Visitor: 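Here it is: the structure, laid out below.
None of these values were measured; they are calculated from a predicted model. Just so we're on the same page: letters track the sequence lines, and every chain starts at 1.
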Number of protein chains: 2
Amino acid sequence: MDILETRELRYFLAVAEELHFGRAAERLGMAQPPLSRAIQRLERRLGVSLLTRNRRGVALTGAGEMLLYEGSAALDAITAAARRARRAGGADDPRGPRNRLVLAVKAASSHELLHKLLDAYAAEPDAAEIDVLPSGTCEQEEMLRDGRADVALMHKPFNSLTGFDSEELMTEGQIAILPAGHPLAAHKTLSLADVSGIPDLPLARWSRNGVYPPGPGPEIHDQTQLAQLIALGRTVAVFPDSARAWLWAEHTAVPLTDAPPVVTHIAWPAHSRSLALAGLVRAATRL
Amino acid sequence: MDILETRELRYFLAVAEELHFGRAAERLGMAQPPLSRAIQRLERRLGVSLLTRNRRGVALTGAGEMLLYEGSAALDAITAAARRARRAGGADDPRGPRNRLVLAVKAASSHELLHKLLDAYAAEPDAAEIDVLPSGTCEQEEMLRDGRADVALMHKPFNSLTGFDSEELMTEGQIAILPAGHPLAAHKTLSLADVSGIPDLPLARWSRNGVYPPGPGPEIHDQTQLAQLIALGRTVAVFPDSARAWLWAEHTAVPLTDAPPVVTHIAWPAHSRSLALAGLVRAATRL
DNA sequence: GCTCGGTGATACCTGGAAGGTATCACCGAG
DNA sequence: CTCGGTGATACCTTCCAGGTATCACCGAGC
């Protein structure tokens with residue numbers, strides 16, 4: 001029943017995502033025929049057909065869709081197990097096995113809360129070492145799932161907390177960051193509608209999992225680039241209040257009245273049972 | 001990095017649980033030498049030592065403990081993926097792929113709520129078929145995790161809901177079920193202390209994952225056996241209020257004043273995204 | 001209609017890994 | 001000092017994963 005090898009799962013996921021045996025094989029660094037055979041074997045073993053091969057490509061069956069969903073989670077769990085075991089044994093640490101915890105934080109988020117958290121935790125007795133791992137926009141969930149991180153700072157409503165345990169740390173409003181010279185910068189407050197429909201100032205677009213939302217605004221790769229584009233009067237961006245910390249003289253921050261508040265949580269996989277993690281969470285809730 | 005094959009993981013878990021290569025190999029249906037080699041290979045590949053082999057057996061290192069924890073979850077996720085894919089494809093259903101949902105319920109729990117739930121859901125348009133899967137005491141969590149079930153009725157505080165999403169359905173008090181002739185049966189109410197310290201009437205013991213808690217009372221395998229033992233005046237048991245449904249004439253139910261209330265939840269894996277499941281949960285919350 | 005490009009499947013071969021048996025090396029208990 | 005019990009090693013066999021060459025199929029062109 002559990003005759004599903006990691007390798008087969010990896011192969012299937014590649015095909016299910018590419019919907020093309022040739023490209024999937026290339027991505028896996030192998031030839032196409034063994035890949036076809038592996039999938040056939042898997043289908044035979046499971047007793048269901050996962051893909052329909054018709055003219056012009058491949059489509060997923062119901063069972064295939066199910067295996068794609070559940071299988072990605074399972075593969076994440078496996079790589080997480082391997083990674084966490086390696087870390088616990090100090091495999092990537094020349095100083096040998098020590099108590100450490102990897103904390104994922106959005107690269108663009110405020111340093112203030114993070115500093116307070118790290119200081120508070122470092123003061124605890126038997127504090128583990130914390131590796132701070134900067135992550136892309138909304139990448140923290142994936143990092144927790146596949147074991148690159150043990151705990152993360154997440155921002156509702158941008159991150160989804162399903163499957164994780166979490167504690168609320170902080171709530172803040174959002175601001176629009178405008179070029180200082182722009183007429184709208186003179187306002188005391190703005191609404192989302194005010195900043196989303198400006199013809200000469202399109203909203204900046206952040207990538208999410210490598211994909212950019214559609215729209216006229218520029219595609220943003222990092223915070224410095226964004227800051228520059230705003231300073232040049234080319235775009236406007238919406239950020240949590242704490243972004244004020246990195247504003248330039250050429251920027252103006254205006255509070256948004258109707259933007260949803262951003263709630264920062266500390267979150268971790270629900271099954272975690274680590275003392276170091278418990279200590280960090282305790283320190284966080286005491287902030 | 002994710003070079004951790006399912007087979008290797010299964011092998012390691014067997015050794016980690018048995019702490020003995022010979023017994024683990026027997027359990028896996030293989031000879032001991034290839035098992036030893038497989039574990040060595042795994043340790044070399046991960047770059048950490050998982051077990052310390054000293055005189056008189058085997059012990060887990062820190063990395064080994066981590067892999068035991070995370071690895072069991074990962075193996076569950078894999079078997080769940082395989083099982084759910086098989087089910088979605090109708091592999092074990094001669095009538096072919098159809099929309100079904102497996103609901104795990106504690107075998108001894110009340111039929112009343114279950115009936116109402118199934119009836120309410122069956123009335124929905126496009127209702128999937130529900131397979132009701134009776135489970136042992138507190139086995140529902142495991143069944144959700146390894147894919148034998150898609151959704152479960154759980155009873156707080158007996159079941160842990162960590163890692164699952166859930167909705168509360170019902171709260172009830174607990175009762176002591178006594179032989180009708182026993183002096184205590186005359187009381188209007190009792191406390192936990194009253195029923196746990198009776199010399200001639202030791203508390204019945206249910207198995208949990210095949211293990212029985214220590215105590216003088218008889219080991220119970222099923223509800224009928226328990227009912228008989230109570231009727232014979234040999235034991236007493238504590239149950240949620242709804243157990244009144246199956247009492248015999250020789251039994252007397254007495255409410256417990258200080259027993260924690262039992263809350264029935266409908267629970268499912270947090271990552272589930274099935275329409276049928278959503279419908280069932282909707283029907284459940286409307287009860 | 002026929003070819004052509006692109007798809008996945010099949011045939012066949014080969015190297016390596018997984019598993020089995022026999023045996024060793026080690027150590028603690030008598 | 002042996003003996004029982006442990007895990008490790010040596011060596012062999014089998015089988016499967018992967019590679020190359022090729023086929024079978026189909027839709028789009030000319």
Visitor: With B:His271, which residues qualify under side chain to side chain donor-acceptor pair (under 3.5 Å), at least two apart?
Guide: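 By the side chain to side chain donor-acceptor pair (under 3.5 Å) rule, B:His271 matches A:Glu70.
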
Visitor: Are side-chain N/O atoms of B:Ser274 and B:Ser272 paired as donor and acceptor at under 3.5 Å?
Guide: no

Visitor: Taking side chain to side chain donor-acceptor pair (under 3.5 Å) as the test, write out the residues that go with B:Thr52, two or more places apart.
Guide: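 B:Thr52 satisfies side chain to side chain donor-acceptor pair (under 3.5 Å) with no other residue.
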
Visitor: Considering residues at least two apart in sequence or located in another chain, which fulfil the salt bridge (Lys or Arg N to Asp or Glu O under 4.0 Å) criterion with A:Arg145?
Guide: A:Glu141

Visitor: Write out the stems for DNA chain C, ordered by first number and formatted as range with range, counting runs of at least 3 consecutive Watson-Crick or G-U wobble pairs under 3.5 Å.
Guide: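 DNA chain C forms these stems: C:1-30 with D:1-30.
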
Visitor: Tell me, please, which residues at least two apart from B:Asp150 pass side chain to side chain donor-acceptor pair (under 3.5 Å).
Guide: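 With neighbours one apart ignored, the set is B:Arg84, B:Arg87.
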
Visitor: Check salt bridge (Lys or Arg N to Asp or Glu O under 4.0 Å) between A:Glu26 and all other residues, then give those that pass, not counting sequence neighbours.
Guide: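 So A:Glu26 forms no salt bridge (Lys or Arg N to Asp or Glu O under 4.0 Å) with any residue.
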
Visitor: What residues form a salt bridge (Lys or Arg N to Asp or Glu O under 4.0 Å) with A:Glu65, not counting sequence neighbours?
Guide: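 By the salt bridge (Lys or Arg N to Asp or Glu O under 4.0 Å) rule, A:Glu65 matches no residue at all.
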
Visitor: Using the test side-chain contact (heavy atoms from CB on, under 4.5 Å), find all partners of A:Asp146 that sit at least two apart in sequence or belong to another chain.
Guide: A:Asp76, A:Thr79, A:Arg83, A:Glu142, A:Arg148

Visitor: Report the distance from atom CD of B:Glu5 to atom P of C:dG19, rounded to the nearest whole Å.
Guide: 12 Å

Visitor: Send over the distance from A:Ile3 CD1 to C:dA18 P, rounded to a whole Å.
Guide: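 These atoms are roughly 18 Å apart.
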
Visitor: Within less than 4.0 Å of OP1 or OP2 of D:dA8, is there a side-chain N or O belonging to B:Arg53?
Guide: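 Yes, B:Arg53 has a side-chain N/O under 4.0 Å of OP1/OP2 on D:dA8.
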
Visitor: For B:Leu51 and D:dA8, what is the distance between atoms CG and C1' respectively, to the nearest whole Å?
Guide: 14 Å

Visitor: Taking side chain to side chain donor-acceptor pair (under 3.5 Å) as the test, write out the residues that go with B:Glu17, two or more places apart.
Guide: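 Result, side chain to side chain donor-acceptor pair (under 3.5 Å) vs B:Glu17: B:Arg27.
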
Visitor: Residues in salt bridge (Lys or Arg N to Asp or Glu O under 4.0 Å) with A:Arg234, at least two apart?
Guide: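 Per chain and number, A:Arg234 pairs via salt bridge (Lys or Arg N to Asp or Glu O under 4.0 Å) with no residue.
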
Visitor: Just how far, in rounded Å, is P of D:dG18 from CG of A:Leu42?
Guide: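 Value for this atom pair: 13 Å.
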
Visitor: At a heavy-atom distance below 4.0 Å, what parts of residues 14-30 of chain A sit against DNA chain D?
Guide: A:Met30

Visitor: Quick check on contacts: within residues 31-41 of chain A, what sits under 4.0 Å from DNA chain C by heavy-atom distance?
Guide: A:Gln32, A:Pro33, A:Ser36, A:Gln40

Visitor: Would you call B:Glu43-B:Arg53 a salt bridge at under 4.0 Å N-O?
Guide: yes

